[in-house]
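To start, the structure itself, in structure tokens.
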Amino acid sequence: MKDLPIGISDFRKLIEKGCIYVDKTKYIYDMIKSNEYVFLSRPRRFGKSLLVSLLEYLFKGEKELFVDTWIYDKWNWESFPVVRLDMNSVTTDEVISLKQSLSERIMEIANEYNITLDSQHEADMFYELVIKLS
């Protein structure tokens with residue numbers, strides 16, 4: 001019997017470990033195709049990070065992760081740049097630490113895509129990153 005994915009919030013890790021996964025890709029597909037704004041709200045420990053991880057791999061075009069899912073033969077597996085700011089990896093104890101940590105994470109993402117950012121303020125850096133990626 002497959003293991004339960006207790007504490008696993010990364011879709012790739014869940015699939016590679018062969019854990020139980022309840023396929024929700026039809027609902028995700030419908031949500032994406034609806035062209036509406038979506039606010040994702042769930043209680044703590046209810047799968048938000050796993051859902052965001054799944055969306056990240058979906059938009060990066062990592063088809064091999066979705067072999068046994070509903071979406072596998074229905075999705076255009078084109079790869080798009082993804083900006084994922086995981087607040088679990090950001091220091092939030094003080095405002096200065098938060099700003100510095102966000103800046104560092106935005107720079108890491110820019111480096112992944114070989115983008116040079118000229119802005120110094122976190123909001124401007126994020127805006128510049130999104131513009132240059134598009």
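Residue numbers count from 1 along this sequence.
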Beyond-backbone contact of [X] with [Y], side-chain heavy atoms, under 4.5 angstrom:
X: Phe59; Y: Trp75; answer: yes
X: Leu85; Y: Val90; answer: no
X: Ser103; Y: Glu122; answer: yes
X: Tyr21; Y: Thr69; answer: yes

Rounded to the nearest 0.5 Å, how far does [atom2] of [Y] lie from [atom1] of [X]?
X: Ile20; Y: Leu4; atom1: CD1; atom2: CG; value: 4.5 Å
X: Ser97; Y: Glu104; atom1: OG; atom2: CD; value: 9.5 Å
X: Asp3; Y: Lys17; atom1: CG; atom2: NZ; value: 8.0 Å
X: His121; Y: Glu128; atom1: NE2; atom2: CD; value: 13.5 Å
X: Asp23; Y: Leu54; atom1: CG; atom2: CG; value: 8.5 Å
X: Trp77; Y: Tyr72; atom1: CH2; atom2: OH; value: 8.0 Å

More than 12 foreign heavy atoms under 6.0 Å from CG of Asp93: is that the case here?
yes

If every non-hydrogen atom of [X] is compared with every non-hydrogen atom of [Y], which pair is closest and at what distance?
X: Leu117; Y: Met107; result: CD1-SD, 3.8 Å
X: Leu133; Y: Pro81; result: CD2-CB, 3.7 Å
X: Lys74; Y: Tyr29; result: O-CE1, 3.8 Å
X: Ser53; Y: Phe11; result: OG-N, 2.8 Å
X: Phe126; Y: Val83; result: CE1-CG1, 3.6 Å

Is the distance between the ring centroids of Phe66 and Tyr57 under 6.0 Å?
no

Taking Arg105 first and then Glu108, would you say they form a salt bridge - that is, a charged N and a carboxylate O separated by under 4.0 Å?
yes

Passes side-chain contact (heavy atoms from CB on, under 4.5 Å), Leu50 versus Ile8? Steps please.
CA-CA 8 Å; Leu50 180 59; Ile8 298 176; 5.5 Å; no

When hydrophobic residues are tied together by side-chain contacts of less than 4.5 Å, even through go-betweens, does Ile115 share a cluster with Tyr127?
no

Taking Lys13 for its side chain and Pro5 for its backbone only, find out whether a donor-acceptor pair lies under 3.5 Å.
no

Look at the side chain of Ser34 and the backbone N and O of Met31, then say whether any donor-acceptor pair between them is shorter than 3.5 Å.
yes

